[in-house]
Amino acid sequence: MKSTTRDNFSSKFGVIAAAAGSAVGLGNIWKFPYEAGQNGGGAFLVLYFFFIITIGLPIMISEFVIGRKTNANAVRAFKKITPDKPWYLTGIMGVAASFMILSFYGVVAGWTLEYVYLAITNAFKGQDPAALSEGFNNFISDPVRPLVWQVLFMVLTAIVVIGGIKNGIEKLTKILMPVLLLIIIVMGVRSVTLGANINAAGEVVGHSFDGLKFLFKPDFSKVDIDVVLDALGQAFFSLSLGMGTIITYGSYIRKNNNLNKTAVEVAFLDTLIAVLAGVAIFPAVFYFNVAPTEGPGLVFTVLPGIFQKMIGGYIWTLAFFILLTVAALTSSISLLEVGVAYFAEELKINRVKATIVVTAIITVLGIACSLSNNILKDVKLFGRNIFDNMEFLSSNVMLPLGGMLIAIFAGWYINKTDLYNELSNGNVLKLRFFKMFYFIIRFIAPVAIAIVFLYSVGLLGE
Ligand code: TRP
């Protein structure tokens, strides 16, 4: 496909908005807090930062380079650079991962739609955390209701993707992301200032400051290899790395955009929002005396509780869940786009048809994920239900593996001069960190990921 026939982002801000729109989503506000909660808080946060900076960022830059240099979808990109080697399989694995991720992502995004509905009807009013938790569990135990929302969300995603890159993605993100950021900051302030929770008998049942301690005071005695793997997986998931989303978006970026700067800005914004979500959630978790290890239901149980303590709680709740849905949507379109670009360009199906086919397949997989919270609860593999397996296999196995292959590809299979030229926009930009970057993608990132893998499957000691 010729470059002129492909869509492009119209402005510099459009690129950042779209890439950040992909990165910022349920990963930051739903997955990060519950993973941090299950993995001991502070130490998980430190590991997560560490992986973002040393591995995530260089791989994000590599993906941008591969995409823009080849101006192709995630599979074709590899074929263009190494036509007679099987590297394109990395792209195929990415397409598979995008299907798996979007299948459970659509389910959780469906939950946020239910919460928009509950917010509209003021259903949280007067509910304590126990009632909120019970409400959430009842909702996901219902086989039908979550499915309706999930299907609706998938249809919305497909509609935006059919609308095209410029119209669909850019506009939505530009306006709504800053508002989401603002609401999360306000929530954080409220959550931290909750103070001591004193019950009728005058006893302190929880304190919001304990939440800050939990999040920011690392306790490394809680760290084992599973925590490390979760932090690595979360870094990939949150930055949308390891499966070609950023390759695909990179292919829509203009030649004069500073890819390094874009990557740093996106990673910074994404990490900031995850941390702010943590600051909003954990103080409230400790104030309400909810278990931080509660898992995927954590934010749905805790957040409505914070809003009840705010003036104008009705509006805050509603605005928050609407924006969370939009943030999920700007991520889900980036996931769908990977499959659509591949089907449309490689299998030569028209874009609208490709979108419908891919959406249908993913929705069916998603239905299995959703049902695993109720009627398929006992269908287990490796001790995990379908939903948890989709999540674990995609974010903890396929993304890091994909990232490792992408780093090796960029470091060893793209000619060094070509890499430098693409990154420096034909020697226009000064690249101060190129040496370090090159060393990381050639050696550090692949080896580090390999070590984490080997440990976690028990091949390298305990
Ligand atoms: N990063 C998004 C989030 O945090 C989810 C996402 C979008 C994603 N595209 C991706 C995750 C590609 C992994 C790979 O919600």
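Numbering starts at 1 and runs along the sequence shown. Both ligands and their constituent atoms are indexed starting at 1 by order of listing.
Of the protein's non-hydrogen atoms, the one nearest atom 15 (O) of ligand 1 is Tyr105 OH, 2.4 Å. Among all non-hydrogen protein atoms, the one lying nearest atom 12 (C) of ligand 1 is Thr245 OG1, 3.2 Å. The single protein non-hydrogen atom nearest to atom 1 (N) of ligand 1 is Phe237 O, 2.8 Å, given as residue, atom name and distance. Ala23 O, 3.2 Å is the protein heavy atom nearest to atom 3 (C) of ligand 1. Summary of contacts: the protein heavy atom closest to atom 2 (C) of ligand 1 is Ser22 O, 3.1 Å. Protein heavy atom in closest approach to atom 6 (C) of ligand 1: Ser240 OG, 3.5 Å.
Tyr48 pairs with exactly one of Phe236, Phe237, Phe32 by the ring-ring contact (aromatic ring centres under 6.0 Å, His included) rule, that one being Phe32. Shown are Phe409, Tyr88, Tyr413; of these, the ring-ring contact (aromatic ring centres under 6.0 Å, His included) with Phe78 is made only by Phe409. No option in Phe136, Tyr105, Phe104 other than Phe136 meets the ring-ring contact (aromatic ring centres under 6.0 Å, His included) test with Trp111.
Applying the 4.0 Å criterion to heavy atoms of Ser238 picks out, from ligand 1, the atoms 1 (N), 4 (O). Of all atoms in ligand 1, listed by their number and element, those nearer than 4.0 Å to a heavy atom of Leu399 are 13 (C). Near Ser334, with a cut-off below 4.0 Å to any heavy atom, the atoms of ligand 1 are 7 (C), 9 (N). Within ligand 1, the atoms closer than 4.0 Å to a non-hydrogen atom of Met243 are 12 (C), 14 (C), numbered from 1 in the order shown. Remark: ligand 1 atoms within the under-4.0 Å shell around heavy atoms of Gly27 are 3 (C), 4 (O), 15 (O).
Inclusion of Ile101 in the set of residues having an N or O under 3.5 Å from an N or O of ligand 1 is not warranted.
A distance of 6.0 Å or more separates the ring centres of Phe437 and Phe433. Outside the 6.0 Å centre-distance limit, the rings of Phe307 and Phe124 are not counted as a close aromatic pair. Taking the six-membered ring wherever Trp is involved, the centroid distance between the rings of Trp149 and Phe153 does not fall below 6.0 Å.
Within the 4.5 Å cutoff, side-chain heavy atoms of Leu423 are placed close to those of Ile61.
For Asp270 and Asn28, the side-chain atoms include at least one donor-acceptor pair closer than 3.5 Å.
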